[in-house]
Number of protein chains: 2
Amino acid sequence: MKRTDKKSNCAINFSLEAVGDPWSLLIIRDIVYFGKNTYGEFLASDERIGTNVLAQRLIALEEKKIITKVTSKFDRRKEIYQLTNKGLDLVPILLDLAEWGTKHDPKTEASLEWIKAVRANRATIISRIRNVLKNGGSVLKNYNSIVLKAKNTNFR
Amino acid sequence: MKRTDKKSNCAINFSLEAVGDPWSLLIIRDIVYFGKNTYGEFLASDERIGTNVLAQRLIALEEKKIITKVTSKFDRRKEIYQLTNKGLDLVPILLDLAEWGTKHDPKTEASLEWIKAVRANRATIISRIRNVLKNGGSVLKNYNSIVLKAKNTNFR
DNA sequence: TTAACATACTTTCATTATGAAAGTAAATGT
DNA sequence: ACATTTACTTTCATAATGAAAGTATGTTAA
């Protein structure tokens, strides 16, 4: 029996069968946090995914409608991978994984300011991240506008 | 290289190395949602984990201080597995996985009322779940008190 | 125009993890 | 005492991953 075969009708199990492997959420993290969009960029990540595994995961994520693949207009060798709305719905999970890791990994690099901002203004920040990603940005590239706009929302 | 070896300093990667395998979060779900606490109860879940894999996952989760193992006072054959505070910190991730699965699985069984309650009152419900679990309960066993108390919080 | 290079894969093979089934040991029930 | 329950361990086939090399197509620069 393959690992991604249907094992139950539980919603959590459904999610884990979709993105519960060791690599899918790292690829999605690369898109959301770092603004990576191509095979070569994913391959260059710190975690060193294998070329074959990366290719398989991209196919699987596309089949599940979590990402889309479009050939670049400027360089037809390049395929641009982007999140669908279904993929954008995974952002809350990434935020929680980052918070748990930051809290429990003594050697983590994540910013406490970011974690605090997310905790204080979760819904606003999720919405901001979605908009930023839809306009070709990312959490790191647009960090200030995401955090500042969230703060402003508080004071308005 | 083993899959759970340190691959980067990313907080998300740290979390995925801890609970990003296909089974750990299902065991934690069994504890949180269904109030399961023993090897035999985990084994009886719909997803049909293998006996060897379950034993390995329980050891790994204990080593990571996500669960604790205590011999039952009433039946010394039984080992009682429970979440530590570190394990309880995973509850938000379970809630998000349930929400994503419910939204995107056409055949899901999860309750929309539950998802709505979590969305409207996330912090309160997480706190309630922690308390319920610390007193030997679970989301299903204490469903009404968790959801109702959260609603009351709104009206107070 | 063409040779070098860049990009996105595919293929192969060793290693690791999982799936399925049977077996063991200690505690409990009868 | 003997059967049963509970929590594992062991064994072996299958599947997934890790590492490395190879291929195909588009781009760049001489």
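Below, all heavy atoms of this structure are taken into account, side chains as well, without hydrogens, waters or symmetry copies. Letters A, B, ... are given to chains in the order of the sequence lines, protein chains preceding strands, and every chain is numbered from 1.
Rounded to whole Å, the distance from CZ on B:F42 to C1' on D:dA7 is 12 Å. For A:W23 and C:dT16, the CH2 to P distance is 16 Å, given to the nearest whole Å. In this structure, B:F74 atom CZ and D:dT5 atom C1' are separated by 18 Å, rounded to whole Å. We find that CD of A:E47 is positioned 11 Å from P of D:dG18, with the value rounded to whole Å. Summarising the geometry, the separation between CD on B:E17 and P on C:dA17 is reported as 12 Å, rounded to the nearest angstrom.
Between B:R29 and B:E47 there is a salt bridge, since at least one side-chain N of the basic residue sits less than 4.0 Å from a carboxylate O of the acidic one. Taking 4.0 Å as the cut-off between side-chain N and carboxylate O, B:K107 and B:D105 do not count as a salt-bridged pair.
Toward the 5′ end of DNA chain D lies the nearest nucleotide of A:D21, the other residue of the pair A:K73 and A:D21 mapping further downstream.
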Practice task
Please assess B:T38 against B:Y81 for the test side-chain contact (heavy atoms from CB on, under 4.5 Å), listing each intermediate value before the final yes or no.
Solution key: CA-CA 6 Å; B:T38 66; B:Y81 293 95; 5.6 Å; no

Practice task
Starting at the 5' end of nucleotides 3-13 of chain C, put B wherever the base has a protein heavy atom under 4.0 Å, S where only the sugar-phosphate does, and a dash everywhere else.
Solution key: ---BSSBBBB-

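Residues meeting the ring-ring contact (aromatic ring centres under 6.0 Å, His included) test with B:Y33, sequence neighbours left out: none.
Interatomic distance, CG of A:L83 versus CD1 of A:I67, reported as 8.0 Å (0.5 Å rounding).
The shortest distance between the side-chain N/O atoms of A:R57 and the OP1/OP2 oxygens of D:dT17 is below 4.0 Å.
No side-chain donor-acceptor contact under 3.5 Å links A:S8 to the backbone of B:D46.
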